[in-house]
Amino acid sequence: MRTVTAVGHRGDPYRFRENTLASLLSAFASGADAVELDVRLTRDGVPLLLHDATLARLWEIDARLGDVTAEDVARRTGGGVPSLADALGATSGRRVMIDLPSATARTVRAVLGVVRDSGATSRVYYCAGADAMLAVRAQDPDAEIALTWTTLAPPRPALLDVVRPRWLNYRFGLLDAGLVASLHRAGYLVSAWTPDTRRSLRRLLAAGVDSVTSNRVGVACEERTRAGLVPPSLRPGDAASGDVAAS
(Lines give C-alpha, C1' and ligand atoms only; values in the text may rest on other atoms or scores of the structure.)
Protein backbone atom coordinates (compact mmCIF):
# COMPACT_ATOMS: atom_id res chain seq x y z
CA MET A 1 0.00 0.00 0.00
CA ARG A 2 1.38 3.40 -0.99
CA THR A 3 2.23 5.83 1.77
CA VAL A 4 2.22 9.63 1.70
CA THR A 5 3.61 11.90 4.39
CA ALA A 6 1.40 14.82 5.42
CA VAL A 7 3.45 17.77 6.69
CA GLY A 8 1.98 20.79 8.45
CA HIS A 9 3.47 23.92 6.87
CA ARG A 10 4.61 26.09 9.77
CA GLY A 11 2.29 23.94 11.82
CA ASP A 12 -1.43 24.56 11.39
CA PRO A 13 -1.49 28.26 10.43
CA TYR A 14 -5.17 28.49 9.52
CA ARG A 15 -5.93 27.77 13.18
CA PHE A 16 -2.97 29.19 15.09
CA ARG A 17 -0.27 31.70 14.36
CA GLU A 18 2.41 30.06 12.23
CA ASN A 19 5.64 28.77 13.76
CA THR A 20 4.26 28.76 17.30
CA LEU A 21 4.07 25.78 19.61
CA ALA A 22 0.26 25.89 19.46
CA SER A 23 0.41 25.72 15.67
CA LEU A 24 2.83 22.78 15.65
CA LEU A 25 0.79 20.80 18.15
CA SER A 26 -2.45 21.56 16.31
CA ALA A 27 -0.95 20.13 13.12
CA PHE A 28 -0.23 16.83 14.83
CA ALA A 29 -3.69 16.83 16.38
CA SER A 30 -5.07 17.26 12.85
CA GLY A 31 -3.24 14.13 11.67
CA ALA A 32 0.10 15.44 10.44
CA ASP A 33 3.00 13.00 10.25
CA ALA A 34 5.50 15.85 10.45
CA VAL A 35 5.66 19.59 10.81
CA GLU A 36 7.71 22.07 8.84
CA LEU A 37 9.10 25.04 10.72
CA ASP A 38 11.37 27.94 9.82
CA VAL A 39 14.45 28.87 11.81
CA ARG A 40 16.52 32.04 11.95
CA LEU A 41 19.12 33.30 14.42
CA THR A 42 18.88 36.17 16.85
CA ARG A 43 21.76 38.59 17.30
CA ASP A 44 23.12 36.42 20.10
CA GLY A 45 22.95 33.28 17.99
CA VAL A 46 19.81 31.60 19.36
CA PRO A 47 17.74 29.68 16.76
CA LEU A 48 14.11 30.85 16.93
CA LEU A 49 11.07 29.91 14.85
CA LEU A 50 10.41 32.68 12.35
CA HIS A 51 10.01 32.63 8.57
CA ASP A 52 10.50 36.33 7.83
CA ALA A 53 13.67 38.28 8.39
CA THR A 54 11.70 40.72 10.58
CA LEU A 55 9.09 40.48 13.31
CA ALA A 56 6.76 42.92 11.54
CA ARG A 57 4.23 40.69 9.78
CA LEU A 58 3.45 38.29 12.60
CA TRP A 59 4.24 40.34 15.68
CA GLU A 60 3.91 43.98 14.52
CA ILE A 61 7.40 44.73 15.78
CA ASP A 62 9.65 46.75 13.49
CA ALA A 63 12.86 44.83 14.09
CA ARG A 64 15.02 42.36 12.25
CA LEU A 65 15.48 39.14 14.16
CA GLY A 66 19.21 39.26 13.56
CA ASP A 67 19.42 42.66 15.25
CA VAL A 68 17.82 41.67 18.58
CA THR A 69 18.61 39.14 21.27
CA ALA A 70 16.50 36.13 22.20
CA GLU A 71 15.69 37.86 25.49
CA ASP A 72 14.48 40.94 23.60
CA VAL A 73 12.22 38.80 21.43
CA ALA A 74 10.74 36.98 24.41
CA ARG A 75 10.03 40.25 26.20
CA ARG A 76 8.51 42.01 23.19
CA THR A 77 6.33 39.07 22.05
CA GLY A 78 5.31 37.79 25.47
CA GLY A 79 7.26 34.61 24.85
CA GLY A 80 5.33 33.95 21.67
CA VAL A 81 8.28 33.10 19.42
CA PRO A 82 9.57 29.67 20.44
CA SER A 83 13.16 28.61 20.33
CA LEU A 84 14.12 25.62 18.22
CA ALA A 85 15.00 23.80 21.43
CA ASP A 86 11.50 24.42 22.79
CA ALA A 87 9.91 23.30 19.53
CA LEU A 88 11.89 20.07 19.48
CA GLY A 89 10.90 19.43 23.08
CA ALA A 90 7.22 20.06 22.36
CA THR A 91 7.26 17.73 19.34
CA SER A 92 9.16 14.95 21.09
CA GLY A 93 9.10 11.72 19.10
CA ARG A 94 7.61 13.32 15.99
CA ARG A 95 9.11 14.20 12.64
CA VAL A 96 10.25 17.80 12.09
CA MET A 97 11.32 19.39 8.81
CA ILE A 98 13.51 22.42 9.48
CA ASP A 99 13.46 25.07 6.78
CA LEU A 100 16.47 27.36 6.77
CA PRO A 101 15.60 30.56 4.88
CA SER A 102 18.66 32.61 3.96
CA ALA A 103 20.81 30.41 6.19
CA THR A 104 24.52 31.02 6.62
CA ALA A 105 27.12 28.55 7.83
CA ARG A 106 26.72 30.15 11.27
CA THR A 107 22.98 29.49 11.24
CA VAL A 108 23.47 25.90 10.18
CA ARG A 109 26.09 25.32 12.87
CA ALA A 110 23.78 26.66 15.58
CA VAL A 111 20.76 24.68 14.34
CA LEU A 112 22.65 21.41 14.05
CA GLY A 113 23.99 21.93 17.55
CA VAL A 114 20.50 22.39 19.01
CA VAL A 115 19.19 19.34 17.13
CA ARG A 116 22.08 17.26 18.41
CA ASP A 117 21.80 18.50 21.99
CA SER A 118 18.03 17.83 21.92
CA GLY A 119 18.59 14.22 20.88
CA ALA A 120 16.47 14.84 17.79
CA THR A 121 18.92 13.99 15.02
CA SER A 122 17.09 10.85 13.89
CA ARG A 123 13.71 12.59 13.47
CA VAL A 124 14.77 15.90 11.93
CA TYR A 125 15.28 16.62 8.27
CA TYR A 126 16.20 19.84 6.52
CA CYS A 127 14.86 21.78 3.55
CA ALA A 128 15.92 24.92 1.71
CA GLY A 129 17.67 25.92 -1.48
CA ALA A 130 21.06 24.83 -2.68
CA ASP A 131 23.27 27.17 -0.64
CA ALA A 132 21.71 26.26 2.70
CA MET A 133 21.67 22.55 1.93
CA LEU A 134 25.29 22.63 0.85
CA ALA A 135 26.09 24.15 4.25
CA VAL A 136 24.09 21.43 6.03
CA ARG A 137 25.83 18.68 4.11
CA ALA A 138 29.25 20.21 4.77
CA GLN A 139 28.60 20.12 8.52
CA ASP A 140 26.64 16.85 8.78
CA PRO A 141 27.47 14.02 6.36
CA ASP A 142 24.47 12.02 7.60
CA ALA A 143 21.76 14.70 7.60
CA GLU A 144 18.50 13.89 5.82
CA ILE A 145 17.95 16.60 3.23
CA ALA A 146 14.98 17.74 1.15
CA LEU A 147 16.47 19.99 -1.51
CA THR A 148 13.93 22.70 -2.32
CA TRP A 149 13.51 23.36 -6.05
CA THR A 150 11.49 26.10 -7.72
CA THR A 151 12.07 25.61 -11.45
CA LEU A 152 11.49 22.94 -14.08
CA ALA A 153 15.18 23.09 -14.97
CA PRO A 154 16.59 20.04 -13.16
CA PRO A 155 19.18 20.34 -10.39
CA ARG A 156 22.70 19.99 -11.73
CA PRO A 157 24.17 16.51 -11.26
CA ALA A 158 27.21 18.03 -9.56
CA LEU A 159 24.95 19.69 -6.99
CA LEU A 160 23.04 16.48 -6.34
CA ASP A 161 26.31 14.58 -5.95
CA VAL A 162 27.45 16.94 -3.18
CA VAL A 163 24.15 17.56 -1.39
CA ARG A 164 22.97 13.94 -1.63
CA PRO A 165 19.31 14.75 -0.90
CA ARG A 166 16.85 12.03 0.01
CA TRP A 167 14.01 14.25 -1.14
CA LEU A 168 13.49 16.74 -3.94
CA ASN A 169 11.11 19.34 -2.56
CA TYR A 170 9.22 21.04 -5.42
CA ARG A 171 6.82 23.94 -5.56
CA PHE A 172 3.57 22.09 -6.09
CA GLY A 173 2.56 23.73 -9.36
CA LEU A 174 5.63 22.34 -11.11
CA LEU A 175 4.87 18.69 -10.47
CA ASP A 176 3.00 16.29 -12.70
CA ALA A 177 2.96 12.52 -13.01
CA GLY A 178 5.73 12.48 -15.60
CA LEU A 179 8.15 14.54 -13.53
CA VAL A 180 7.36 12.57 -10.37
CA ALA A 181 8.00 9.30 -12.18
CA SER A 182 11.32 10.53 -13.57
CA LEU A 183 12.46 11.67 -10.11
CA HIS A 184 11.49 8.30 -8.67
CA ARG A 185 13.49 6.54 -11.37
CA ALA A 186 16.48 8.68 -10.35
CA GLY A 187 16.10 7.40 -6.79
CA TYR A 188 14.55 10.41 -5.06
CA LEU A 189 11.47 10.82 -2.91
CA VAL A 190 9.28 13.70 -4.05
CA SER A 191 7.82 16.34 -1.74
CA ALA A 192 5.40 19.09 -2.82
CA TRP A 193 4.78 22.47 -1.15
CA THR A 194 2.30 24.06 -0.47
CA PRO A 195 -0.92 22.67 -1.95
CA ASP A 196 -3.90 23.91 0.07
CA THR A 197 -6.95 23.26 -2.12
CA ARG A 198 -8.58 19.87 -2.41
CA ARG A 199 -8.18 20.02 -6.18
CA SER A 200 -4.41 20.56 -5.94
CA LEU A 201 -4.02 17.90 -3.27
CA ARG A 202 -5.95 15.36 -5.32
CA ARG A 203 -3.88 16.09 -8.42
CA LEU A 204 -0.59 15.68 -6.56
CA LEU A 205 -1.64 12.49 -4.79
CA ALA A 206 -2.70 11.04 -8.14
CA ALA A 207 0.65 12.11 -9.62
CA GLY A 208 2.46 9.92 -7.09
CA VAL A 209 4.16 12.35 -4.72
CA ASP A 210 5.57 10.92 -1.50
CA SER A 211 4.84 13.95 0.69
CA VAL A 212 2.70 17.08 0.74
CA THR A 213 3.47 20.11 2.88
CA SER A 214 0.25 22.06 3.37
CA ASN A 215 -1.15 24.96 5.34
CA ARG A 216 -4.31 22.84 5.65
CA VAL A 217 -2.78 19.61 6.82
CA GLY A 218 -6.08 18.27 8.12
CA VAL A 219 -7.52 18.58 4.62
CA ALA A 220 -4.40 16.92 3.20
CA CYS A 221 -4.96 13.98 5.54
CA GLU A 222 -8.60 13.73 4.47
CA GLU A 223 -7.64 13.67 0.81
CA ARG A 224 -4.97 11.06 1.48
CA THR A 225 -7.61 8.81 3.03
CA ARG A 226 -10.02 9.52 0.17
CA ALA A 227 -7.34 8.40 -2.31
CA GLY A 228 -6.82 5.12 -0.46
CA LEU A 229 -3.34 6.08 0.70
CA VAL A 230 -1.94 5.74 4.20
CA PRO A 231 0.47 7.54 6.56
CA PRO A 232 4.02 6.16 6.72
CA SER A 233 3.41 4.69 10.17
CA LEU A 234 0.49 2.61 8.89
CA ARG A 235 2.18 0.60 6.17
CA PRO A 236 1.33 -3.13 6.31
CA GLY A 237 3.57 -4.72 8.92
CA ASP A 238 4.43 -1.44 10.63
CA ALA A 239 3.39 -0.72 14.19
CA ALA A 240 1.90 2.69 14.82
CA SER A 241 4.50 4.86 16.45
CA GLY A 242 5.01 8.44 17.53
CA ASP A 243 8.38 8.44 15.77
CA VAL A 244 7.03 8.66 12.23
CA ALA A 245 9.24 7.59 9.35
CA ALA A 246 9.62 9.86 6.34
CA SER A 247 8.17 7.48 3.83
Side-chain angles (χ1 to χ4, degrees), residues 4-13 18-19 23-24 27-28 32-41 47-53 84 87-88 91 94-105 107-112 114-116 118 120-151 154-156 159-160 162-175 179-180 183-184 186-196 204 209-215 217 220 232 244-247:
V4 174
T5 300
V7 183
H9 185 241
R10 307 177 193 170
D12 198 1
E18 67 180 54
N19 280 319
S23 188
L24 303 182
F28 286 123
D33 308 300
V35 291
E36 182 262 9
L37 51 83
D38 305 279
V39 177
R40 292 179 181 268
L41 292 191
L48 299 186
L49 272 57
L50 190 70
H51 174 269
D52 302 354
L84 176 59
L88 292 175
T91 60
R94 309 305 295 265
R95 287 278 276 172
V96 174
M97 175 191 281
I98 297 178
D99 196 351
L100 296 168
S102 305
T104 64
T107 304
V108 170
R109 184 163 52 251
V111 168
L112 291 176
V114 169
V115 172
R116 182 186 61 248
S118 299
T121 301
S122 64
R123 63 185 178 92
V124 164
Y125 57 132
Y126 303 90
C127 72
D131 289 346
M133 294 301 94
L134 284 166
V136 170
R137 180 57 73 217
Q139 297 188 41
D140 185 351
D142 299 319
E144 182 178 349
I145 286 175
L147 177 63
T148 297
W149 209 248
T150 60
T151 174
R156 300 186 312 277
L159 173 64
L160 294 173
V162 176
V163 173
R164 291 184 286 110
R166 184 182 186 202
W167 303 79
L168 289 180
N169 186 38
Y170 273 80
R171 187 186 298 274
F172 78 95
L174 298 175
L175 289 168
L179 178 54
V180 172
L183 296 172
H184 283 161
Y188 299 104
L189 295 173
V190 181
S191 175
W193 56 275
T194 38
D196 291 338
L204 290 162
V209 299
D210 304 288
S211 177
V212 289
T213 301
S214 177
N215 291 301
V217 71
V244 180
S247 183

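- With sequence neighbours excluded, the residues forming a side chain to side chain contact (heavy atoms under 4.5 Å, CB included) with Ala53 are Arg40, Arg64, listed by chain and number.
- Under the 4.5 Å side-chain criterion, counting only non-hydrogen atoms from C-beta, Thr150 is in contact with Trp193.
- In this structure, the side chain of Thr194 does not engage the main chain of Thr213 through any donor-acceptor pair within 3.5 Å.
- For Pro195 against Ala192, the heavy-atom pair with the smallest separation is CD-O, 3.8 Å.
- Here Tyr170 contributes atom OH and Leu204 contributes atom CG; the two are 13.5 Å apart, rounded to the nearest 0.5 Å.
- The only member of Val108, Asn169, Leu147, Val162 that meets side chain to side chain contact (heavy atoms under 4.5 Å, CB included) when paired with Met133 is Leu147.
- Note that CZ of Arg109 is 14.0 Å distant from CG of Asp140, once rounded to the nearest 0.5 Å.
- Residues passing the side chain to side chain contact (heavy atoms under 4.5 Å, CB included) test with Ala120, sequence neighbours excluded: Leu88, Val115, Ser118, Arg123, Val124.
- To the nearest 0.5 Å, atoms CG (Leu174) and CG (Leu168) are separated by 12.0 Å.
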Compile the donor-acceptor pairs under 3.5 Å between side chains in residues 96-105 and protein atoms, sequence neighbours left out, one pair per line.
{"unit_1": "Thr104", "atom_1": "OG1", "unit_2": "Arg106", "atom_2": "N", "d": "3.3"}
{"unit_1": "Thr104", "atom_1": "OG1", "unit_2": "Thr107", "atom_2": "N", "d": "3.2"}
{"unit_1": "Thr104", "atom_1": "OG1", "unit_2": "Thr107", "atom_2": "OG1", "d": "3.3"}

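- With rounding to the nearest 0.5 Å, the separation of OG1 in Thr121 from CD in Glu144 is 12.0 Å.
- Here the closest non-hydrogen pair linking Glu36 and Asn19 is O-OD1, 4.5 Å.
- Closest non-hydrogen pair, Ala34 versus Tyr125, comes out as CB-OH, 4.2 Å.
- Nearest approach of Leu37 to Val39, heavy atoms of both residues: CD1-CG2, 3.5 Å.
- Both tests hold for Arg94 against Phe28: distance to the six-membered ring centre under 6.0 Å, angle to the ring axis within 45°.
- Residues Leu160 and Pro165 have side chains in contact (heavy-atom distance under 4.5 Å, counting atoms from C-beta outward).
- Taking CZ of Arg10 as the reference point, atom CG of Asn215 lies at 7.0 Å (rounded to 0.5 Å).
- Proximity of a side-chain donor or acceptor of Arg164 to a complementary backbone N or O of Pro141 within less than 3.5 Å is detected.
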Check the pair Asp210 / Trp167 against side chain to side chain contact (heavy atoms under 4.5 Å, CB included), numbers first and verdict last. CA-CA 9 Å; Asp210 304 288; Trp167 303 79; 3.8 Å; yes
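- A pairwise comparison of heavy atoms in Asp12 and Ser23 identifies N-OG, 2.7 Å as the closest pair.
- Contact annotation: the side chain of Leu134 approaches that of Leu159 to within less than 4.5 Å [non-hydrogen atoms, C-beta and beyond].
- Residues Ser211 and Leu189 have side chains not in contact (no heavy-atom distance under 4.5 Å, counting atoms from C-beta outward).
- Checked for salt-bridge contact, Arg95 and Asp33 miss the test: no charged N lies under 4.0 Å from a carboxylate O.
- Taking every heavy atom of both residues into account, Ala110 and Leu41 meet most closely at CB-CD2, 3.8 Å.
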